[in-house]
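Please read these numbers as outputs of a predicted model, since none were measured by experiment. Proteins come first, then strands; the chains are lettered A, B, ... in the order of their sequence lines, and each starts at number 1.
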Amino acid sequence: MFQPPKYESFTLNAHPFLIFAPSMTTPSKKVRVRFAPSPTGGLHLGGVRTVLFNYLFARRHGGDFVLRIEDTDRTRYVEGAEQYIIDCLTWCGLNPDEGPHVGGPFAPYRQSERKENYRAYAEQLVNSGHAYYAFDTAEELDQLRRASPNFQYSQATRYGLRNSLTLTGEEVQSLLQAGTPYVIRIRMPEDETVSFEDMIRGFVSFETGLSDDKVLLKADGMPTYHLAVVVDDYLMKITHAFRGEEWLPSAPVHLLLWEYLGWKADMPQWAHLPLILKPDGNGKLSKRDGDRLGFPVYAMNWTDPKTGDLTRGFRELGFLPEAFVNMLALLGWNDGTGQEIFTLEELVQKFSIARISKSGAKFDFEKAKWFNHEWMKRLDVGRLTSDVLKVLDENGVQGVDDAYVTKVIGLVRERLTFVSDFWGQASFFFGRPASYDVNAVKPKWTAQKKAFFELFSHSLASLESWHAVNIELVFKSLAETEAIKAGELMLPFRIMLVGGKFGPHVFEIAELLGRHETTERIRIALAEF
RNA sequence: GGCCCGUUCGUCUAGGGGUUAGGACAUCAGAUUUUCAUUCUGGCAACAGGGGUUCGAUUCCCCUACGGGCUACCA
């Protein structure tokens with residue numbers, strides 16, 4: 001017998017796309033978004049991208065960006081992870097308007113501190129028949145799963161298990177009074193269709209009968225993500241919810257909860273972001289892939305407090321936050337013009353959900369490096385100074401003149417991919433070469449060349465204006481007088497000042513080094529050749 | 001297994017019923033830079049397959065394949 005399927009739509013706005021139509025770029029309610037990480041370890045690059053999109057959307061629409069710590073799993077809680085997350089956001093310049101560190105009108109922002117909120121809502125769902133008490137222990141369920149691998153706590157099995165659907169009211173009451181551990185589970189409808197309009201994916205629909213009865217409130221009294229995310233998004237008046245695509249399958253549970261709690265009209269618009277994939281093979285990018293392939297996955301260095309293991313981050317590798325954020329934005333989004341370099345401000349101006357792609361993107365470290373190099377070349381030299389000073393300090397160089405450092409940066413920046421490359425490219429500006437690439441000089445070295453450099457050094461001593469062009473002039477005219485090709489002398493001169501075959505134009509180097517230092521280096525090197 | 005999502009150069013992507021299918025990274029070749037890097041020029045390189053719809057599909061629809069995600073008292 002034909003039964004028309006029950007259909008229930010959760011499309012909240014009669015015209016869901018209207019909100020984002022050009023004529024109506026400002027949603028009617030004040031935009032409020034949240035990043036809701038679990039403090040269990042380092043912050044993954046995908047997490048930062050989620051933050052970014054939240055941030056951009058909030059700023060674009062003049063809304064609020066809140067940080068909410070989802071620490072409902074006590075067993076996975078890691079000391080220091082919350083502060084680390086906040087530090088990462090600070091480094092990236094993506095600062096929340098509200099959060100545990102800055103407070104706000106909806107405090108507290110840690111779910112562990114909101115524990116008492118959740119039980120009442122779970123009970124409310126039990127009372128309305130949309131949820132039930134379940135007394136099965138974790139061990140019992142483990143056993144069931146071992147016995148049949150596809151076991152689900154669902155309509156197919158719930159009537160054979162120990163819960164308030166199968167027990168009498170008196171039995172349930174006495175179990176509860178006796179303090180028997182229990183969880184509260186959602187009672188998924190047997191045959192309904194839940195659908196909604198995802199801002200990125202468009203129409204998505206699910207059959208409720210296929211999902212299991214997710215736990216809402218755990219035996220320790222803490223909510224699971226499913227309950228907590230709905231309750232807090234409601235309480236914190238979240239209007240748009242961004243999260244990774246891995247959450248799509250549990251969306252129907254959340255939709256149902258919004259409905260059952262009576263908040264359907266306030267449900268946020270959902271946006272399920274495409275995943276960031278491993279560069280080789282397939283699958284979600286994980287910290288392990290970074291270790292294996294030799295690039296960072298976390299935003300900053302992370303030390304596991306239990307094992308002491310250090311996982312390197314983008315920041316410490318020498319990434320500029322500007323480049324890191326820029327690179328992340330382009331992983332799954334573009335503005336349609338081909339422009340690839342954006343400042344945060346530009347991103348805020350140009351960001352639109354409509355231009356986020358649906359498919360996952362493989363992370364390409366080479367491209368990430370390219371972004372950093374581009375920023376290395378474009379950034380204001382002064383902006384780079386403090387970072388470079390840090391690199392110098394790490395290499396035992398202190399108390400150098402800022403203006404000198406700034407000039408050096410200007411000279412070498414275009415050949416640096418990372419700030420951390422600075423030392424390798426510019427150490428000779430802060431100390432004499434420790435050794436010389438003599439093989440580059442010796443085979444063609446002659447007494448005549450030696451004489452040239454002695455004369456050259458002498459000329460430099462009386463050079464009136466110490467500028468690269470003048471130094472070069474003296475160098476070349478003397479070479480001519482001595483009948484030696486200038487080209488034959490350039491490399492030896494470079495080796496004298498730098499120690500190796502690298503660096504900016506040699507006369508620029510001499511200018512920066514100064515008269516005394518230049519002649520000294522010539523004198524010292526002459527003894528080596 | 002079931003459910004959901006996805007599929008344009010090696011990678012990130014633009015595009016969209018009629019285009020020489022565009023750009024970027026990587027790569028290759030050349031030029032410049034009397035070092036190296038930068039920079040510049042050029043080359044290689046893609047619409048997963050099959051059915052429809054259509055005068056015409058890479059573009060719209062369906063199926064298949066492939067890939068991924070989820071399937072915990074984790075988020």
Residue whose closest nucleotide on RNA chain B lies nearer the 5' end, Pro223(A) versus Asn334(A)
Asn334(A)
For nucleotides U8(B) and A46(B), find the distance between their C1' atoms and express it as a whole number of Å.
6 Å
Anything under 30° is parallel, anything over 60° is perpendicular, the rest tilted; go ahead and classify Tyr182(A) against Tyr133(A).
perpendicular
Given Arg162(A) and Asp136(A), is the salt bridge (Lys or Arg N to Asp or Glu O under 4.0 Å) satisfied, shown in steps?
CA-CA 6 Å; Arg162(A) 279 182 7 115; Asp136(A) 321 85; 5.3 Å; no
With P as the reference atom in both, quote the distance from C44(B) to A24(B) in angstrom, rounded to an integer.
15 Å
Roughly, in whole Å, what's the span from CD1 in Ile356(A) to P in U13(B)?
12 Å
Nearest whole angstrom, please: distance from the C1' of C36(B) to the CD of Glu508(A).
15 Å
Classify every nucleotide of nucleotides 19-35 of chain B by which part a protein heavy atom approaches to under 4.0 Å, writing B for the base, S for the sugar-phosphate alone and - for neither, in 5'-to-3' order.
-----BS-------SBB
For atom CD of Glu207(A) and atom P of G2(B), their distance in whole Å
15 Å
At 4.0 Å (heavy atoms only), tell me whether Asp421(A) reaches a base, stays on the sugar-phosphate, or touches nothing.
nothing
Hey, would you say the Phe319(A) and Phe371(A) ring centroids sit under 6.0 Å apart?
no
Regarding the side chain of Lys362(A), the nearest nucleotide among G67(B), C4(B), U11(B) is U11(B)
Are Phe196(A) and Trp258(A) an aromatic pair by the rule of ring centers under 6.0 Å?
no
Is the phosphate of C73(B), meaning OP1 or OP2, less than 4.0 Å from a side-chain N or O of Arg185(A)?
yes
Report yes if at least one side-chain N or O of Thr72(A) is closer than 4.0 Å to OP1 or OP2 of A75(B); otherwise report no.
yes
For G6(B) and G43(B), measure between their C1' atoms and round to the nearest Å.
33 Å
Each nucleotide N or O in nucleotides 44-49 of chain B that has a protein N or O under 3.5 Å away: list the pair and distance.
none

Find out whether the Lys NZ or Arg CZ of Arg185(A) is both under 6.0 angstrom from the six-membered ring centre of Tyr153(A) and within 45° of the ring's axis.
yes
In whole angstrom, what separates Phe206(A)'s CZ from U71(B)'s P?
13 Å
Other residues, nucleotides, ligands: >12 heavy atoms within 6.0 Å of Arg355(A) CZ:
yes
Report yes or no: does Arg187(A) contribute a side-chain atom to a donor-acceptor pair with the main-chain N or O of Asp213(A) at less than 3.5 Å?
no
Glu414(A) has an atom CD; how far is it from atom P of U39(B), in whole Å?
8 Å
Distance between P atoms of G22(B) and C36(B) (Å, rounded):
34 Å
Could you tell me whether Phe363(A) and Phe295(A) have their ring centroids closer than 6.0 angstrom?
yes
If I pick the C1' atom on U27(B) and the same atom on A45(B), what distance separates them, to the nearest angstrom?
10 Å
Any salt bridge linking Glu340(A) with Lys367(A)? Criterion: basic side-chain nitrogen under 4.0 Å from a carboxylate oxygen.
yes
Could you give the distance separating U13(B) and U38(B) at their C1' atoms, to the nearest angstrom?
26 Å
Return each pair, listed once, that meets salt bridge (charged side-chain N to carboxylate O under 4.0 Å, His left out) where at least one residue sits in residues 214-228 of chain A; pairs must be two or more places apart or across chains.
Asp212(A)-Lys214(A)
Rounding to a whole Å, what distance do you find between Leu285(A):CG and G69(B):P?
12 Å
